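Here the structure comes first, spelled out in structure tokens, and everything after it is commentary.
We name chains A, B, ... by the order of the sequence lines, and we start the count at 1 in each one. Since this is a predicted model, take the numbers as computed values, not measurements.
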Protein chains: 2
Amino acid sequence: MTEDTAKPVSRPVKKRQARGEKRMAELLDAAAEVFAEQGFAKASTNAIAAKAGASPGTLYQFFENKEAIAEALMARYVTRLREAHGEAFDLAVAELPLEAMLDRIIDPVVAFDRANPGFYALLSDPQLAPELASAKRPAQKLMFERLDKILEKKAPGLPPEKRTLTAEVAVHLFRGLLPMIMAAEEPDLPKVVKETKRALRAYLSTTLPPEPRRITGSGA
Amino acid sequence: MTEDTAKPVSRPVKKRQARGEKRMAELLDAAAEVFAEQGFAKASTNAIAAKAGASPGTLYQFFENKEAIAEALMARYVTRLREAHGEAFDLAVAELPLEAMLDRIIDPVVAFDRANPGFYALLSDPQLAPELASAKRPAQKLMFERLDKILEKKAPGLPPEKRTLTAEVAVHLFRGLLPMIMAAEEPDLPKVVKETKRALRAYLSTTLPPEPRRITGSGA
DNA sequence: TGCAAATACGAGTCATCACTCGTATTTTAG
DNA sequence: CTAAAATACGAGTGATGACTCGTATTTGCA
């Protein structure tokens, strides 16, 4: 009963070989492309397998069904997003003035979203099956909870309900601008990102306490 | 060659009877429900026909294909949206102070969107076929162009490019909050709508010239 | 009243697709 | 070296769903 392999899970836990891990990664890469192009609903599992240079049978050796593919892909995205700007680093951001803070948060997220169109495709699809919605949730929570914590540090006096609403609204505001961010051609991107920050800054500064005045000269 | 029925269109223009118009309306009502529940991709034409109390054959007597249903539905929504707050009335809104203006614009739109979940379902679906995207466009243009005109009146000095960007961003900000607006339970709605207005007001007031001071007392 | 057009039906067609299964090959453990 | 486990294949299966078509009924019009 105390063996290390004793999992009460019903899944027949196979020992994965290195080859298998690699295949899974290839399949997820392919899935990301196909989802980005077709969206989850229209994407076909056979197309994913083909793009990965695998057969349908192989695909189903690693993923129970189509949804499991999206879930695994999402999980990978969440991991990568966490890595992209590490957890510890994040809370320090609350010490910065609003404008600098937004730079630090938004730039990496924009870069990540543009580098991973499959992530955007899954995240922005409003009618995914309930199971998939739950796969989406961690990704949304990720941003929401971080902002919530940052706001808590930046405005300790704010009542929690108000703070939570603010964080939620801010995340949705950003998501609203994501289509513009994703669609922008490279040269137009800075303009769009700048406007995004302006909008968020305008909104947040109505909720946050006024910033302490900055000395224009050097701080030495 | 100058007959009133001389249309170079390839469509075999049938004479529609009153019964036919009614059927089309019923089918569009059913389609709206099914799209709202399942989304466009998962919605089945047979389900739409069944919900309308019609047969598949009847459905295809009125609509060339599934996309045509969504296009017709969108066209109907755009018409209704135009009616909801008439064109002429709209420009007068630019004379109001920002806060009152947002009340006048946002309240009807929120009411419309909540009353027509099918509209939201089509509008928020990011991967519709290209033809459908073009059916969506008028709906998006509707809000964008109106805002653009209003901004032009409210801030004549603003360079057109800047004004257009502002209008586009504002519309996207609103769309970003739509999921919250749609998901809110009736009692929570005012809170969400209020926050929506706060966000838009904050953003727009950074672009618009400062408002003339209002006299707090009565104007008499 | 009678006929042509419009409306209505729904079983059937055909393509697509998620997923399976029998089998063949490669890897790892002993 | 060998057997079991893991990986790989891809034709096949069953379900679903968009759309058709032959036919029946209703309506508008002369």
Nearest to side-chain heavy atoms of B:Ser44, which nucleotide of C:dA18, C:dC19, D:dG17
D:dG17
Picking from D:dC19, C:dT7, C:dT27, the nucleotide nearest the side-chain atoms of B:Gln61 would be C:dT7
Take atom CD of A:Gln17 and atom C1' of D:dA6, then tell me their distance rounded to the nearest Å.
5 Å
Side chain of B:Thr58 only, heavy atoms from C-beta on: which candidate in D:dC19, C:dC9, D:dA11 is closest?
C:dC9
So B:Ala43, base contact, sugar-phosphate only, or nothing? Heavy-atom distance under 4.0 Å.
sugar-phosphate
Proximal nucleotide (of D:dA8, C:dT20, D:dA18) relative to the A:Pro56 side chain
C:dT20
Assign A:Ala54 to base, sugar-phosphate, or nothing according to its heavy-atom contacts below 4.0 angstrom with the strands shown.
sugar-phosphate
Taking the side chain of A:Lys15 as its heavy atoms from C-beta onward, which of C:dC9, D:dA6, D:dC19 lies nearest to it?
D:dA6
Euclidean distance, atom NZ of residue B:Lys22 to atom P of C:dA8 [Å, nearest integer]
10 Å
Ranking D:dA6, D:dG28, D:dC19 by distance to the side chain of B:Thr45, first place goes to D:dC19
Which nucleotide wins on minimum distance to the side chain of A:Arg23, given the candidates D:dC9, C:dT28, D:dT27?
D:dC9
At 4.0 Å (heavy atoms only), tell me whether A:Gly57 reaches a base, stays on the sugar-phosphate, or touches nothing.
base
Pick the nucleotide of DNA chain D nearest each of B:Ala18 and B:Ala47; which residue has the one closer to the 5' end?
B:Ala47
Per the side-chain contact (heavy atoms from CB on, under 4.5 Å) rule, which among A:Leu189, A:Val109, A:Ile106 passes with A:Ile181?
A:Leu189
Minimum-distance nucleotide (side-chain atoms of B:Asn46 versus D:dC19, D:dT7, D:dT27):
D:dC19
Protein-nucleotide distance (B:Arg19, atom CZ; C:dA6, atom P), rounded to Å
12 Å
In terms of the angle between their ring planes, are A:Phe35 and A:Phe40 parallel, tilted or perpendicular, with boundaries placed at 30° and 60°?
tilted
Among C:dT7, D:dT20, D:dC9, which is the nearest nucleotide to the side chain of B:Tyr60?
D:dT20
Measure from the side-chain heavy atoms of B:Phe62 and tell me the nearest of C:dT7, D:dC19, D:dG17.
C:dT7
